[in-house]
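Remarks on the structure that follows.
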Amino acid sequence: MPEKPERTSQPPAPAPQSARPSRRIDARSLRGLAHPLRMKIFELLSLDGPATATGLAGRLGENTGTVSWHLRHLAEHGFIEEETGRGTKRERWWRRVGVANELNTADFRDDPDARGALSVYLHELTRQYFDRVTHYFTEEWDESWRSAGTVSDWRDLRMTPDQLAALNAELMAVIARHTPAADAEPAPDALPVVVQLQSFPRRERGTS
């Protein structure tokens, strides 16, 4: 994209090719990630870069030992890794593994053992998306940034599954064109930007 986004889909829409490796989450790795605190830790490492258990514990209001245990669990399932050459034996730095994770809910439709983990994952993921928007609205921004952001929805579309998949692929291609290379120098006034794409069918309700 150059960077492939995190995707949770049913089924997954085609995405532009990316040099960044990706992996499809299976039942075992889903159970390793699907925990509220682990997902918060993974989100912070994904958004803000490497951190120590102590630093993460302070941000999350948790015990350092508890955070350390969850960090090791995430590492065991391949979501994060220790940043070698940094820190000490007592204070290790952790970073997100450089792969994009793709989850297709259809993979777990016939797996009763994975349904609980999938439910937790989707609930926490939705909460994270909601919290990001809420924080944006409650924070102070100057007018240039406030007018540049948007939270929008469109209600007049009627599509087949193939048309919806094609729409998603086109939107991802647009984002890919605006995603700089990993080694590109950002503009002096640039800030990290999150794009949250949510597109899904809605069941029609009759009127009385």
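Position 1 is the first residue of the sequence; numbering continues from there. Keep in mind that the numbers below use all heavy atoms, side chains included, and drop hydrogens, waters and symmetry copies.
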Could you give the distance from [atom1] ([X]) to [atom2] ([Y]), rounded to the nearest 0.5 Å?
X	Y	atom1	atom2	answer
Arg72	Glu82	CZ	CD	11.5 Å
His123	Gln128	NE2	CD	10.5 Å
His178	Ile175	NE2	CD1	9.0 Å
Phe42	Glu124	CZ	CD	14.0 Å
Leu167	Ser199	CG	OG	6.0 Å
Trp69	Asn63	CH2	CG	13.5 Å

Lys/Arg-Asp/Glu bridge criterion (N-O < 4.0 Å) met for [X], [Y]:
X	Y	value
Arg109	Asp111	no
Arg158	Glu204	yes
Glu43	Lys40	no
Asp131	Arg127	yes
Arg24	Glu102	no

Answer whether the closest heavy-atom distance between the side chains of [X] and [Y] falls below 4.5 Å.
X	Y	answer
Tyr129	Gln198	yes
Arg59	Asp48	yes
Leu37	Glu62	yes
Arg95	Ile80	no
Trp93	Thr84	no
Pro192	Leu47	no
Leu56	Thr54	no
Leu33	Asn101	no

Report the C-alpha distance between Glu140 and Trp145 in whole Å, list the side-chain angles of each, state the deciding distance to 0.1 Å, and finish with yes or no for side-chain contact (heavy atoms from CB on, under 4.5 Å).
-> CA-CA 10 Å; Glu140 292 294 330; Trp145 280 109; over 6 Å; no
Give a yes or no on this: more than 12 heavy atoms of other residues, nucleotides or ligands lie within 6.0 Å of atom CZ of Phe130.
->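 Counting other residues, nucleotides and ligands, CZ of Phe130 stays at 12 neighbours or fewer.
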What is the minimum heavy-atom distance between [X] and [Y], and which atoms define it?
X	Y	answer
Gly32	Leu74	O-CD2, 4.3 Å
Gly98	Pro21	O-CG, 3.6 Å
Leu30	Ala114	CD2-O, 4.2 Å
Ala75	Trp94	CB-CZ3, 3.7 Å
Ala53	Glu91	N-OE1, 4.3 Å
Ala51	Leu45	N-CD2, 3.8 Å

Audit row: Arg146, Glu143, salt bridge (Lys or Arg N to Asp or Glu O under 4.0 Å) steps and yes/no | CA-CA 5 Å; Arg146 182 63 69 186; Glu143 185 55 32; over 6 Å; no
With clusters defined by side-chain heavy atoms of hydrophobic residues (ILVMFWY) lying less than 4.5 Å apart, directly or transitively, does [Y] cluster with [X]?
X	Y	result
Leu71	Leu60	yes
Val195	Phe200	no
Val194	Met39	no

Judged by atom type as modelled, is there a donor-acceptor pair below 3.5 Å linking the side chain of [X] to the main-chain atoms of [Y]?
X	Y	answer
Ser29	Ile25	no
Arg96	Gly49	no
Ser119	Arg115	no

Can you find a side-chain donor-acceptor pair between Ser152 and Thr150 that sits under 3.5 Å?
-> yes
Short side-chain donor-acceptor distance under 3.5 Å, Ser144 and Asp142 =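 Note: Asp142 and Ser144 side chains meet the donor-acceptor criterion.
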Which is it for Asp153 and Arg155 under the salt bridge (Lys or Arg N to Asp or Glu O under 4.0 Å) test, yes or no, and what are the steps along the way?
-> CA-CA 7 Å; Asp153 72 319; Arg155 307 177 186 86; 3.3 Å; yes
Check step by step if side-chain contact (heavy atoms from CB on, under 4.5 Å) holds for Arg205 and Arg203.
-> CA-CA 6 Å; Arg205 272 79 170 177; Arg203 296 193 184 280; 3.9 Å; yes
Measure from NZ or CZ of Arg23 to the centre of the six-membered ring of Phe79 and say whether it is under 6.0 Å with the direction within 45° of the ring axis.
-> yes
So is Arg31 actually on top of Tyr121's ring, under 6.0 Å and inside 45° of the axis?
-> no
Would you sort out whether Thr64 and Thr66 count as a side-chain contact (heavy atoms from CB on, under 4.5 Å), showing the intermediate values?
-> CA-CA 5 Å; Thr64 300; Thr66 300; over 6 Å; no
Which class fits the ring pair His73 and His77: parallel under 30°, tilted 30 to 60°, perpendicular over 60°?
->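 Correct class here is tilted.
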side-chain contact (heavy atoms from CB on, under 4.5 Å) between Thr160 and Gln163: does it pass, once the steps are laid out?
-> CA-CA 5 Å; Thr160 66; Gln163 289 171 329; 3.3 Å; yes
